[in-house]
Protein chains: 2
Amino acid sequence: MTFCYDYARPAVTTDIAVFTIQDQRLAVLLIQRGGEPFAGHWALPGGFVEADETLEACALRELAEETGIQGVWLEQLYTFGNPERDPRDRVISVAYFALVPMASLNPRAGSDAQDARWFFIDDLPELAFDHRDILDLAQHRLRAKLDYSTVAFSFMNETFTLGELQTVYEIVRGETLDKRNFRKFVKSLNLVEDAGATRRNGTHKPARLYRLIQPGHLHYIR
Amino acid sequence: MTFCYDYARPAVTTDIAVFTIQDQRLAVLLIQRGGEPFAGHWALPGGFVEADETLEACALRELAEETGIQGVWLEQLYTFGNPERDPRDRVISVAYFALVPMASLNPRAGSDAQDARWFFIDDLPELAFDHRDILDLAQHRLRAKLDYSTVAFSFMNETFTLGELQTVYEIVRGETLDKRNFRKFVKSLNLVEDAGATRRNGTHKPARLYRLIQPGHLHYIR
DNA sequence: TCATTCAGGTGTATTTTTTACACTTTTTGC
DNA sequence: GCAAAAAGTGTAAAAAATACACCTGAATGA
């Protein structure tokens with residue numbers, strides 16, 4: 001079956017940059033492409049928008065199909081429409097980004113991709129298409145959003161220590177923070193509560209565990 | 001001539017929300033639609049992306065064709081892709097927004113539109129498609145950007161008084177500001193210089209004129 | 001068992017930034 | 001020449017951000 005139109009139409013895809021924290025470093029989920037173009041190259045998960053789905057539904061579906069990751073929070077990042085960005089055809093891509101808790105999800109390769117795995121953001125392979133540009137913009141946006149929202153909490157597991165949360169801020173911002181000032185900041189948000197338990201992490205004092213009062217809510221601060 | 005593909009493809013358009021300040025109010029440029037759907041309704045200028053142009057080039061071209069406005073600074077706002085947003089066909093729209101100097105541009109209707117004119121943002125007619133949603137988001141973004149960038153300067157003519165600039169901030173933010181604090185803020189940016197002239201505006205002391213040191217540059221502050 | 005190690009946990013003083021606030025100046029119109 | 005109206009100017013108080021040092025509790029191994 002073919003679909004015919006009076007004017008040329010671009011293909012429309014979504015691509016998704018999923019971030020997490022692994023081994024104290026920022027990591028992103030990539031798939032290895034099975035088919036042309038860029039066969040064998042690593043790329044962001046994503047694919048073509050179907051006739052009756054929203055853009056966000058497309059991103060969620062492709063993410064699930066290609067990596068097994070489900071039910072994440074997505075934010076639209078930017079739409080990339082350079083006519084040369086796909087060598088074969090005119091393809092416009094609506095890019096999304098997502099944050100998932102530290103190491104909570106084990107990606108598995110889906111039907112459309114040979115492989116799916118996490119890469120450290122500062123140690124990336126060569127990427128297909130303009131996906132490097134998309135990732136750079138996503139990382140930039142993530143950093144900016146840290147300052148005026150509670151995105152960073154999306155990296156946390158259900159319960160977490162303030163030390164872990166501080167580490168996330170330090171990794172994304174690329175600088176160390178003062179412990180006392182950071183804890184003052186977190187407590188002033190009034191968004192976390194004592195989970196009533198502690199966690200032993202090594203040969204030292206156990207840390208108090210906290211949880212979000214409204215899990216899944218993104219708040220704007222400042 | 002027809003164009004045929006193996007899978008259904010959405011049509012892709014750009015829509016542009018152009019803001020200005022008129023009579024101490026925020027205004028937006030709309031066109032009156034000539035053809036179906038929504039014939040006779042007012043809508044944002046915009047149109048279909050052609051095979052070999054970037055999204056931004058499409059927005060600039062449509063803006064020029066439909067309203068005669070040229071060479072404005074554009075920022076990508078959001079991509080609207082709800083399958084139901086156009087009653088006839090699947091249309092994905094990449095929305096842009098722009099700010100032009102106060103009353104500097106007299107829109108003229110282009111070939112594709114019956115009419116083009118400015119509307120006050122708080123006195124809009126019923127709009128075609130989901131253009132009201134696009135405008136709401138654009139206004140929200142404009143307000144947010146005022147806090148961390150120098151977008152507001154895009155509303156100014158080549159030379160302007162600090163009173164005019166303050167009025168722009170007050171209109172977009174919807175609140176009055178302290179004159180001395182505002183002037184301190186503007187001078188601390190180090191982005192404007194004395195234009196060496198004054199302007200008489202009414203039956204009172206003439207105001208000193210300023211100009212941007214780097215016209216056309218958008219700065220991020222804070 | 002006791003000394004060492006290591007991240008967890010806590011408060012205050014200083015600096016910087018933001019806010020609040022009132023009067024004089026210069027022009028026009030009557 | 002006087003009334004009207006926006007232009008222009010500085011300082012003090014409040015709030016926010018920053019800098020900074022020591023004790024705690026558990027594990028380890030001498």
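Here is the naming used below: chain letters follow the sequence lines, and residue numbers restart at 1 for every chain.
- Looking at Y169(A) and V186(A), their side chains never come closer than 4.5 Å, going by heavy atoms from C-beta outward.
- Figure legend: cation-pi geometry between R25(A) and F120(A), with NZ or CZ positioned under 6.0 Å from the six-membered ring centre and within 45° of its axis.
- Taking only side-chain atoms of N181(B), from C-beta outward, the nucleotide of dT5(C), dA4(D), dC21(C) with the closest atom is dC21(C).
- At a threshold of 4.0 angstrom between heavy atoms, the contacts of R208(B) are confined to the sugar-phosphate backbone, with no base atom among them.
- Both tests pass for R117(A) against the ring of F119(A): distance under 6.0 Å to the centre and angle within 45° of the axis.
- Using a 4.5 Å heavy-atom threshold, the side chains of W42(A) and H131(A) count as separate.
- Nearest-nucleotide mapping onto DNA chain D: of G202(A) and K179(A), the residue sitting toward the 5' end is K179(A).
- Within the 4.0 Å cut-off from OP1 or OP2 of dG8(D), at least one side-chain nitrogen or oxygen of R183(B) is found.
- Of the candidates dT10(C), dA20(C), dT9(D), dA20(C) carries the atom nearest the K184(B) side chain, counting heavy atoms from C-beta on.
- In this structure, the CG atom of D194(A) is 15 Å from the P atom of dG8(C), given to the nearest Å.
- R200(A) comes within contact range of the sugar-phosphate backbone alone, with a heavy-atom separation under 4.0 Å but no base atom that close.
- Straight-line distance from the CG atom of L165(B) to the P atom of dG8(D): 13 Å, rounded to whole Å.
- Summarising the geometry, the separation between CD on E170(A) and P on dA7(C) is reported as 12 Å, rounded to the nearest angstrom.
- A donor-acceptor distance shorter than 3.5 angstrom exists from the side chain of R141(A) to the backbone of L77(A), with no hydrogens or angles considered.
- Of all nucleotides listed (dT28(D), dT24(D), dA7(D)), dA7(D) comes nearest to the side chain of K205(B).
- Rounded to whole Å, the distance from CG on L162(B) to P on dA7(D) is 9 Å.
- Place H204(B) and P206(A) on DNA chain D by their nearest nucleotides, and H204(B) ends up nearer the 5' end.
- In this structure, D178(A) reaches the bases: a heavy-atom distance under 4.0 Å links it to at least one base atom across the strands shown.
- Straight-line distance from the CG atom of L177(B) to the C1' atom of dA20(C): 13 Å, rounded to whole Å.
- Remark: P of dA12(D) and CZ of R180(B) are 13 Å apart, rounded to the nearest angstrom.
- When the C1' atom of dG8(D) is taken as reference, atom CD of E164(B) falls 15 Å away, rounded to whole Å.
- In the set dG8(D), dC20(D), dT5(C), the nucleotide with an atom closest to the side chain of A207(B) is dG8(D).
- If you take CD of Q166(A) and P of dG9(C), they are 11 Å apart, rounded to a whole angstrom.
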